[in-house]
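To keep things clear, I will list the structure first and then write my remarks on it.
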Amino acid sequence: MSSRLRDRTSCQPKLHNNHYQVNTKTAVAMPNHFTETLTCPLAELATNLSDSELRETAYEILVGACRSSGVKPLTFISHSEKNSGRAPALTSTASLQRSLSSTAASNVKKALGLKSSRKRQVSGESDSERVKKAVTIGEMLRVQMRVSEQIDSRVRRALLRVAAAQLGKRIESIVLPVEMLQQLKPSDFPNQWEYEAWQRRNLKLLEAGLLLHPLLPLDKTDTAAQQLRQIIRGALEKPLETGKNNESMQALRSIALSLACRTFDGSVSETSHWADGFPLNLRIYRMLLEACFDVNDETSVIEEVDEVLELVKKTWVVLGMNQMLHDLCFLWILFNRYVVTGQVESDLLFAANNLLMEVEKDARAMTDPDYSKIISSTLGTILGWAEKRLLAYHNYFHSDNTETMECVVSMAVLSAKIMVEDISHEYHRKRKEIDLARERVDNYIRSSLHVAFVQIMEKVKSSKRSSKNQQNQFPFLSILAQGVSTLAFSEKAIFSPLLKRWHPLAAGVAVATLHSCYGNELKQFVSGIGELTPDILQVLRAADKLEKDLVQIAVENSVDSEDGGKSIIREMPPYEAESVISNLVKSWITTRLDRLKEWVDRNLQREVWDPRTNKENFAPSAVEVLRIVDEALEAFFLLPISMHAVLLPDLTTGIDRCILHYISKAKSGCGSQSTFVPSMPVLTRCSTRSKFVGVFKRKEKFQIAQGRKSQVGTTNSNGSLGISQLCCRINTLQHFRMELVVLAKRATSHVRNSESAHMDNIADGMGNAFELSTTACVEGIKQLCEITAYKIVFHDLSHVLWDGLYVGEVSSSRIEPFLQELEQYLEVISLTVHYRVRTRVITEVMKASFDGLLLVLLAGGPPRAFHLQDYETIADDFKSLCDLFWSNGDGLPADLIQKFSTTVNAILPLFHTDTDSLIEQFQYMTLETYGSSAKSKLPLPPTTGQWNPTEPNTLLRVLCYRSDETAAKFLKKTYNLPKKL
């Protein structure tokens, strides 16, 4: 990890604008919209020194330290000289004046794993212009620390005066705030208010460095400390006179030096300790390290970080810093900058992690209590931030930022290790057997997986409350099992390989946690089960599958472990789904069939047989019943048992009986053929005058019929079913017929795929499944087609057929009205009936129409009488009737029409046969039928309804309706038939 993170450097330079020329007033940090902030681990100062005041102090110390360590004298150049362009290069120090026109790749960035951010500026400037704009490291630092040129000028002026007054003294030998107070006057400031604010800052620095946070603790009996407090208190109320000979100033200098130069052994030190006490020194040093970040890009470390840190380290002698403290402070600066800038620049985090590895080395050798306190506070903050994410790492990390997560885990483990192992001296004595990294990561895995499990559970609950889609129909624990399984495989693929670095059984711990979480929910679920339902079976099946997935992952993860994964498997007690199912499955089939019977009756009670309820034009109750049947079969085969094939016949037989019950109800109450066919009137004979009588009778009947014309497709006023409802029933039975085949095939397929014994024999026998229902569907469709046809012809169209056709004059009461209304019914049938039975229904209507025509011709009663010349009209009408069903080739096949028109075609010629011939045929056929007993007197042949040109009753009826004197005399003489009823 370390080497990989350290190598995260890029050879691609990053373009920077020449931002060191920007005025400090506008060189502010990039606005940060990320709300997360961290509490600074450095202790708060006991005085109210602001960041800007600490930053200005840090800048003064930095400039003074660079002056003190330089080889050239410090020279002040006025602001006007700078602006005039006449000034030579600043000569304050060699280090501060180093040109930035070209800088080598940063060694610090390489060591920390930071990518290079410098990009060569591309512009049209000439070489001379570029030289003029070249800046020094000192100028760059001024801008980075947000110090204005005016303040910079004043600081350098003061330091020149200090250097002149303290010849030969280095920066660490003086108390800088005292010297600054001595050297700068109100005239050096734009106004009195700014001068007084500056003076207060220096007094607060003295208070903080010498009284509140001294390097050496103060003796309570030390009068110098008391005097300094009084001086500072007075100066804060009234500005201090800082003249060289002023008594207050001399007293301040004397007391400050005596306090700053104290040592542990009581001797007088040449080094003054005014800014090296904790935490003042760290607060000031933090301001210096902040200068390493680009003032115009708060996430970017400047390319000149090597030079900046080289100068910053010159302040160590004043601030009491060393490499260990520097590493710790810089670690915090990098980490804090990553957090507060929105965690977008992962290089900062990688750099902080690399630096943390150095801090770990430092911590082993450090025994200083102040350092231990600071490192504990710093690492505690880092650890708290990291663990907030790692204890719920599924909320923060995904497949695209696993490197970041790996870095966070590394920082958390290192921080915990340093705090426990290197700082706690009790650790080695009490907890030598504990693998801290493994223990921490184990906790992260279990915590985050538990959090993720709870979130999945809440998401499933929310989805089931709000969603109405098909997925929402699955039981809660079944959906939850799928989600947990997905989470487990995701964990195995994304996070476990990463966490295995610290925990060899990372995936095993993850699945054991998920197994436990789901097991708790399943246990509560099972405790409330009363009977086996599809939902319960689905849950148990899902739980069984989930358990197999989790155990498989655990086993695969434990192949190389010392105990072969036994410790993980012991954490996963079986769900025992099979045992739960075996206690419930015996009563499942009976319960399911009873429920199915209830559903059939309930749906039939609500059924209105309206084809408009769905686009397939069958009853919604059929959909419900078949859905329940299908669910029963599906649920049966989803039962995690090994006896599907054995128990299937019991289930299918029960289902068959339920559907048979439905079918019998579907065709009940619809009547039969005989319900609609009118009773045949008593035989009568015609007379030549009966024709005219019939005319008047026809007119009367036609007027009556006008008031009861059929309403196609509606329920009739007498309560009988309408044609559309009958069509709906036909469609429903056809739907059942097709679906039963599908159900039988599906059941067969399930049986063949099952692991049950004798499954082949059972599967072969499944061809007879639902045999009762299938046979009942075929019979029911046949009956309903006939009923529909006869209802249309003899009931709904009786006003134009039985009451109207050929009543009176044949030529004025032809078949056209019947055809017009019949066509409407055929249209309804074509649009409503399922295409597989449509031809059958229309064929039955055609047969009924033919029967109706024959009934009108042979049993139409006294209103009808036919002449020989009417034959052509009747034949033409019959042709029109056949043409209606042929419909120019779009209707029934011609051969089918021909087949069922045979009887009519055979009987119609009788109406063209002369009366004498008919009488002879009748006598002959009667003698043939009754033998010698008919010679004395011809018997009256019974009405069979099986019309045939050679059948005596058929011939007799043709004679009865023959408007002919010869026929009338024959019937009068032979049978004494009346002329009217």
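For this chain, numbers begin at 1 and follow the sequence in order.
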Flag, side chain of [X] to backbone of [Y], donor-acceptor distance under 3.5 Å:
| X | Y | value |
| --- | --- | --- |
| S485 | A481 | no |
| S448 | Y444 | no |
| S447 | N443 | no |

Determine whether the side chains of [X] and [Y] contain a donor N or O and an acceptor N or O closer than 3.5 Å.
| X | Y | value |
| --- | --- | --- |
| H661 | D601 | yes |
| E345 | Y338 | no |
| H735 | E616 | no |

What's the shortest heavy-atom distance between [X] and [Y], and which atoms?
| X | Y | answer |
| --- | --- | --- |
| P475 | V539 | CB-CG2, 3.6 Å |
| D347 | L114 | O-CD2, 3.4 Å |
| Y575 | H515 | OH-O, 2.9 Å |
| A351 | L334 | CB-CD1, 4.0 Å |

Inset, instruction - Give the ring-plane orientation class for W385 versus F335, where under 30° counts as parallel, over 60° as perpendicular and anything between as tilted. - result: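 Rings of W385 and F335: perpendicular, as their planes differ by over 60°.
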
Legend entry - R657 atom CZ, over 12 foreign heavy atoms within 6.0 Å: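 Count not over threshold, so no.
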
Salt-bridge test for [X] and [Y]: reply yes if a basic N is under 4.0 Å from a carboxylate O, no otherwise.
| X | Y | value |
| --- | --- | --- |
| R446 | D442 | yes |
| K417 | E360 | yes |
| E624 | R602 | no |
| E358 | K361 | yes |

Would you confirm whether the ring centroid of [Y] sits within less than 6.0 angstrom of the ring centroid of [X]?
| X | Y | result |
| --- | --- | --- |
| F736 | Y662 | yes |
| F636 | H750 | no |
| F495 | H394 | yes |

Legend entry - Audit row: M572, E547, side chain to side chain contact (heavy atoms under 4.5 Å, CB included) steps and yes/no: CA-CA 9 Å; M572 304 170 69; E547 186 171 47; 5.8 Å; no

Inset, instruction - Run the numbers on Y396 and N401 for side chain to side chain contact (heavy atoms under 4.5 Å, CB included), then give the verdict. - result: CA-CA 9 Å; Y396 295 91; N401 64 352; over 6 Å; no

Legend entry - Gap between atom OG1 of T513 and atom CZ of F453 - 0.5 Å precision: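 With rounding to 0.5 Å, CZ (F453) is 11.0 Å from OG1 (T513).
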
Inset, instruction - Kindly compute the distance separating CG (N353) from CG (L348), expressed to the nearest 0.5 Å. - result: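 Going from the CG atom of N353 to the CG atom of L348 covers 12.5 Å.
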
Inset, instruction - Please list, chain by chain and in numerical order, all residues satisfying side-chain contact (heavy atoms from CB on, under 4.5 Å) with T486, sequence neighbours excluded. - result: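 Testing T486 for side-chain contact (heavy atoms from CB on, under 4.5 Å), a comparison that skips the adjacent residues, returns none.
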
